[in-house]
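Starting off with a structure, shown below.
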Protein chains: 2
Amino acid sequence: MQPQGWESIRDEVSARIRARLWAPGDTIPGEETLAQEFGVARATVNRAMRELAATGVIERRRKAGTRVALLPARRALLEIAVIRLEVEGKGAAYSHQVLEDRMEAAPPPVVARLGLPAGTVLRRLRTLHLADGQPWAYEDRWLNPAALVGEAPDFTQVSANEWLVSHVPYATGDIAFSAEGAEPDVAVALGVEEGAALFVTDRATWTEAQPITSVRLYHAPGYRMRSAL
Amino acid sequence: MQPQGWESIRDEVSARIRARLWAPGDTIPGEETLAQEFGVARATVNRAMRELAATGVIERRRKAGTRVALLPARRALLEIAVIRLEVEGKGAAYSHQVLEDRMEAAPPPVVARLGLPAGTVLRRLRTLHLADGQPWAYEDRWLNPAALVGEAPDFTQVSANEWLVSHVPYATGDIAFSAEGAEPDVAVALGVEEGAALFVTDRATWTEAQPITSVRLYHAPGYRMRSAL
DNA sequence: GAGTGGTCTAGACCACCAA
DNA sequence: TGGTGGTCTAGACCACTCC
């Protein structure tokens, strides 16, 4: 079954590019021209081309027109789900243990990342996430108590991860991925050898007004993050 | 400066959700209603809502209407650039060395991933990518010669990575990220200790007709992949 | 069955920017 | 400064899916 409407135009343009009918660097016909060729309104062509531009296949500029990208920087969409759903999606039973929950002066990297004054005291939560009772990820979180607007949730019931997502909507954030050797405390918590290669996720989030949290997740060995390309 | 047009509507709806005027799980007003409230055409509201749905903030279904997502699975857009541009973007000079280039029977994991018969002979390329002369990434690539349509490029001049991107447009692919301890040959090439934690990228790409390549990239220690959230 | 979002149209105005 | 994409409108029909 062929797609219809704007998707068929997106696919046709994409096919012509793959077939090198329109080669990298070429300027391709304008929206008005394509609209006539395909017998649709210009808005329909625009919708299709906007999709292709979003995936990096073409580059568009007013007046200059639309060009086939020379070195298309492919864009992949990552789904960052709540850990419980991620585990349950694997068909495993989720549970978690709070290893530590206390106020503590945040170290320089954390306050720097969140844009807080040095020595700020934050709530530190260390949590172990489990899948079918096996360690899945070790979480080291610094939480700005001022962002919790008077609520004092019990994170032994609902993980901080999940509680924040559904109770403290945020405006902006950034995320970074890296590989690190397991430090002693992480190794103990995850039950791996010291120095074992772990996939690490670093995330920081803010509302308009203030920082919310900075969290580092050490995933158990074997963890893979996948995406379509 | 406030955004105008559909972006202002996207931001206003987003703000109402963050302010919990519309709480997670709530059904929010329909497009027609919002169009009247904001004094715009329904298509403009639709554009704004489509954007919010794409980032996972809201969920939309015909007839059921639009709801604020309960556990928003945040979506992050990853830019997968050609390695040369990634290195040059850091302000470093890029170079690469081809360590190996020969025909070889692909091992089971590779043929399985590409969907080829066991024992298929592919072109194997091992390449070291350098930034300012320092190892940046070690690449282990299996290339389907049938996908090269009679061309026999010299990968000592242009890296296989870059040549493929600009000469063999592909239709689909997938990508996965993980952390692995450096195996002996990788450790030697990158100049790190055996077992050092490395960030690994696995990618496989296909045209409609056939598989193109399967490639594994071992990034030098300290590599971070970042994205806005 | 009926209400909602998904899409298309024909036309228009505008912002941007290469020439 | 003119051509191109970016956006908006008012209206319409349709597809999906909850009731």
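What you are looking at is a predicted structure, and each value in this text was computed from that prediction instead of being measured. Order of the sequence lines fixes the chain letters, A, B, ..., with proteins taken first and strands second; residue numbering starts at 1 for each chain.
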Task: Closest-nucleotide ordering on DNA chain D, the 5'-leading residue of Glu7(B) and Glu31(A) - done: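 That would be Glu31(A).
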- [ ] Mark yes or no for whether Asp132(A), through its side chain, and Ala93(A), through its backbone, hold a donor-acceptor pair below 3.5 Å.
- [x]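 Yes, Asp132(A) side chain to Ala93(A) backbone: donor-acceptor pair under 3.5 Å.
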Task: Phosphate-side-chain proximity, Thr66(B) and dT4(C), N/O vs OP1/OP2 below 4.0 Å - done: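 False: Thr66(B) side-chain N/O out of range (4.0 Å or more) of dT4(C) OP1/OP2.
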- [ ] Indicate yes or no: does Arg216(B) engage Glu139(B) in a salt bridge with an N to O separation below 4.0 Å.
- [x]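 Answer for the salt bridge query: no.
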Open item on the list: Please report the distance, rounded to the nearest Å, between CH2 in Trp6(A) and C1' in dG6(D).
Closed with: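 Roughly 17 Å, once rounded to whole Å.
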Task: salt_bridge(Lys90(A), Glu86(A)) N-O dist < 4.0 Å - done: no
TODO: Ignoring backbone atoms, test whether Asn46(A) places a side-chain nitrogen or oxygen under 4.0 Å from the OP1 or OP2 oxygen of dG5(D).
DONE: no
Task: Between dG6(D) (P) and Leu52(A) (CG): distance, integer Å - done: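 About 12 Å, once rounded to whole Å.
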- [ ] Classify the side-chain pair Arg10(A)/Ser14(A) by whether it contains a donor and acceptor separated by less than 3.5 Å.
- [x]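 No - no donor-acceptor pair under 3.5 Å links their side chains.
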Task: Atom pair distance, as rounded to whole Å: CZ in Arg67(A) and P in dC17(C) - done: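 Spelled out: CZ on Arg67(A) to P on dC17(C) is 15 Å.
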Task: Distance-only side-chain donor-acceptor flag, Thr201(A) / His219(A), under 3.5 Å - done: yes
- [ ] Can you tell me the distance, in whole Å, between the CZ atom of Phe38(B) and the P atom of dT7(D)?
- [x] 18 Å
Open item on the list: Expressed as a whole number of angstroms, how long is the span from Glu32(B):CD to dG11(D):C1'?
Closed with: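 To the nearest whole Å, that distance equals 11 Å.
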Task: Close aromatic pair by centroid cut-off 6.0 Å: Phe199(B) and Tyr218(B) - done: no
- [ ] Could you check how far CD of Glu59(B) sits from P of dG5(C), rounded to whole Å?
- [x]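 Computing the Glu59(B):CD to dG5(C):P distance gives 14 Å.
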Task: Distance below 4.0 Å between Arg60(B) side-chain N/O and dG6(C) OP1 or OP2 - done: yes
Open item on the list: Return whichever of Ala43(B) or Ile28(B) has its heavy-atom-nearest nucleotide of DNA chain C closer to the 5' end.
Closed with: Ile28(B)
Task: Residue whose nearest DNA chain D nucleotide is more 5′ - Arg42(A) or Lys63(A) - done: Lys63(A)
TODO: Give me the bend of the helix from dG1(C)-dC18(D) to dA18(C)-dT1(D), using the axes of the five pairs at each end, rounded to 10°.
DONE: 20°
TODO: Ignoring backbone atoms, establish whether Thr44(A) has a side-chain N or O less than 4.0 Å from OP1 or OP2 of dT7(C).
DONE: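 No, Thr44(A) has no side-chain N/O under 4.0 Å of OP1/OP2 on dT7(C).
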- [ ] Please name the pair of heavy atoms, one in Ser214(A) and one in Arg113(A), separated by the smallest distance, quoted to 0.1 Å.
- [x]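 Residues Ser214(A) and Arg113(A), closest heavy atoms: OG-CD, 3.9 Å.
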Open item on the list: Both Ala64(A) and Ala41(A) contact DNA chain C. Taking the nearest nucleotide for each, which residue is further toward the 5' end?
Closed with: Ala41(A)
Open item on the list: For a quick check of understanding: with a heavy-atom distance under 4.0 Å over all strands, which category does Arg61(B) fall into, base, sugar-phosphate or nothing?
Closed with: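 Sugar-phosphate contact only.
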- [ ] Please state how far atom CD1 in Ile58(A) lies from atom C1' in dT4(D), giving the value in whole angstrom units.
- [x]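 Checked: the CD1 to C1' distance equals 13 Å.
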Task: Nucleotide nearest Arg62(A) when distance is taken to its side chain, options dT4(D), dT7(D), dG5(C) - done: dT4(D)
TODO: Using whole Å, report how far CZ of Arg47(A) lies from P of dC8(D).
DONE: 14 Å
Task: Pairs touching residues 34-50 of chain B that satisfy salt bridge (Lys or Arg N to Asp or Glu O under 4.0 Å), sequence neighbours left out - done: Arg16(B)-Glu37(B), Glu31(B)-Arg42(B), Arg47(B)-Glu51(B)
